[in-house]
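The structure appears right after this line, and notes come after that.
We use all heavy atoms of the structure for the numbers below, so side chains are in, but hydrogens, waters and symmetry mates are not.
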Amino acid sequence: MRFALGLTRNIQAPPQFVQLPTLAPPFRALVIFFERVLVVHSDGGVETHAAASPVPSLSLARTLHTQAITPGTTPSALQLIRSQPSQYVVASFLGRKYILTPRDVLTVPRIPDVKVGDVLALDAIEELGSREYTLRGNPTIPTSKVKVDATVVEHTKGTMEYIFKKKRRKGYRKTIQHKQPYTRLRIGNIEILADS
């Protein structure tokens, strides 16, 4: 069973971590969002509780594999995510969100002002995570905490698209051929910077 690290999100305050208890066998998921706790049962039922109040029967829950480590501050959360074997980021790039991991090849619409070999810094990182922990920005994670670079690999074109136009009884027929231009990026390592 996977557990995501619950975060309370407050519009005025930065993201804070809350204590995430282990779950008893009848529970399937525990989601903490906007200072509310949603407990999803295996039969499909859902309970809602305030984040500060104890959730029924979770205090007596048995430990599944190991005791969950919940950080108290953002730097300790970044240290936990850094200690995991693999990380991912959710980044906004040219108006779209992408889930990215190191060494991914990302195909985006053509970026006109870059050349092959240029290195771009992704600055709109909305989420950073690993297999066991997730850190969400409010709305983005600052670039002083996480650094992700993308290298331009090539400028290419997509498959040939055929657009056929016709007006009946007028003898008007037209075929337009078009290849959409794209830019391919290679995602570099996700560098979680030490808090200074």
Side-chain angles (χ1 to χ4, degrees), residues 1-7 9-11 14-15 28-29 31-34 36 38 40 42-46 48 78 81-82 84-193:
M1 182 179 292
R2 283 183 56 192
F3 297 109
L5 182 66
L7 302 174
R9 293 182 64 180
N10 193 348
I11 294 172
R28 222 174 48 187
V31 179
I32 301 174
F33 194 68
F34 287 104
R36 301 294 292 172
L38 300 176
V40 182
S42 57
D43 61 355
V46 177
T48 305
L78 290 171
I81 293 173
R82 189 184 304 118
Q84 298 289 311
S86 62
Q87 295 91 23
Y88 72 92
V89 293
V90 175
S92 292
F93 193 74
L94 297 175
R96 291 188 177 185
K97 290 183 184 179
Y98 299 97
I99 299 176
L100 304 170
T101 58
R103 296 174 299 283
D104 276 354
V105 175
L106 178 64
T107 303
V108 295
R110 171 81 181 220
I111 307 171
D113 298 332
V114 298
K115 297 177 182 174
V116 175
D118 287 353
V119 178
L120 308 174
L122 302 181
D123 57 350
I125 298 172
E126 298 180 5
E127 185 174 311
L128 168 69
S130 63
R131 185 180 177 94
E132 298 177 8
Y133 301 101
T134 301
L135 178 66
R136 290 192 183 101
N138 190 11
T140 60
I141 299 172
T143 54
S144 62
K145 306 278 185 200
V146 180
K147 182 181 173 190
V148 181
D149 291 334
T151 306
V152 178
V153 177
E154 67 175 338
H155 295 293
T156 184
K157 292 185 177 180
T159 58
M160 183 71 76
E161 297 177 9
Y162 297 95
I163 300 138
F164 180 69
K165 295 184 176 183
K166 177 184 177 182
K167 292 185 181 177
R168 61 183 184 172
R169 297 187 299 272
K170 304 297 179 191
Y172 175 78
R173 291 168 169 244
K174 190 185 222 180
T175 302
I176 301 170
Q177 299 178 2
H178 171 66
K179 287 185 177 182
Q180 185 69 29
Y182 293 107
T183 299
R184 284 212 174 105
L185 306 171
R186 170 83 61 187
I187 304 301
N189 290 330
I190 298 172
E191 295 178 27
I192 302 172
L193 305 173

Open item on the list: Test of understanding: with side-chain hydrogen bond (donor to acceptor under 3.5 Å, both in side chains), list the residues that count as partners of E127, not counting sequence neighbours.
Closed with: Y88, R136
Task: Under the side-chain contact (heavy atoms from CB on, under 4.5 Å) test, residues paired with R173 that sit two or more places apart - done: F164, K166
Task: Shortest non-hydrogen contact between A91 and L122, atoms and distance - done: CB-CD1, 4.3 Å
TODO: Heavy atoms only: give me the nearest I141-L135 pair and the separation to one decimal.
DONE: CD1-O, 3.6 Å
Open item on the list: Going by side-chain contact (heavy atoms from CB on, under 4.5 Å), name the residues that satisfy it together with Y182, two or more places apart in sequence or in a different chain.
Closed with: T107, T156, Q180
Open item on the list: Any heavy-atom pair between the side chains of I125 and T140 that's under 4.5 Å?
Closed with: no
Task: With sequence neighbours excluded, residues passing side-chain contact (heavy atoms from CB on, under 4.5 Å) with P142 - done: S144, K145
TODO: Evaluate side-chain contact (heavy atoms from CB on, under 4.5 Å) for L128 paired with I192, printing each intermediate quantity in order.
DONE: CA-CA 9 Å; L128 168 69; I192 302 172; 4.0 Å; yes
- [ ] Would you mind listing every salt bridge (Lys or Arg N to Asp or Glu O under 4.0 Å) that reaches into residues 101-117, with sequence neighbours excluded?
- [x] none
Task: Any donor-acceptor N/O pair, Q87 side chain to I81 backbone, under 3.5 Å - done: yes
Task: For T143, all residues meeting side-chain hydrogen bond (donor to acceptor under 3.5 Å, both in side chains), sequence neighbours excluded - done: none
- [ ] Calculate, to the nearest 0.5 Å, the distance between atoms CG and CZ belonging to L100 and F93 respectively.
- [x] 9.5 Å
Task: Results of salt bridge (Lys or Arg N to Asp or Glu O under 4.0 Å) for K97 - residues two or more places apart only - done: E126
Open item on the list: Main chain of P112, side chain of H155: is a donor-acceptor contact present, judged purely on distance under 3.5 Å?
Closed with: no
Open item on the list: Restricting to side-chain contact (heavy atoms from CB on, under 4.5 Å), what partner residues turn up for V119, sequence neighbours left out?
Closed with: D149, T151
Task: Residue pairs passing the salt bridge (Lys or Arg N to Asp or Glu O under 4.0 Å) test where at least one lies in residues 177-193, sequence neighbours excluded - done: E154-R184
TODO: Using the salt bridge (Lys or Arg N to Asp or Glu O under 4.0 Å) rule, collect all pairs that involve residues 156-165, keeping only residues at least two apart or in two chains.
DONE: none
Open item on the list: On a heavy-atom basis, which atom in I187 and which in A150 lie closest, and how many Å separate them?
Closed with: CD1-CB, 3.9 Å
TODO: Could you pull out all residues at least two apart from N189 that satisfy side-chain hydrogen bond (donor to acceptor under 3.5 Å, both in side chains)?
DONE: none
Task: Atom of S130, atom of S86 and distance for their closest heavy-atom approach - done: CB-O, 3.4 Å
Task: Worked verdict on I111 versus L120 for side-chain contact (heavy atoms from CB on, under 4.5 Å) - done: CA-CA 11 Å; I111 307 171; L120 308 174; 4.3 Å; yes
Task: Considering all heavy atoms, the nearest P102-I190 contact - done: CD-CD1, 3.8 Å
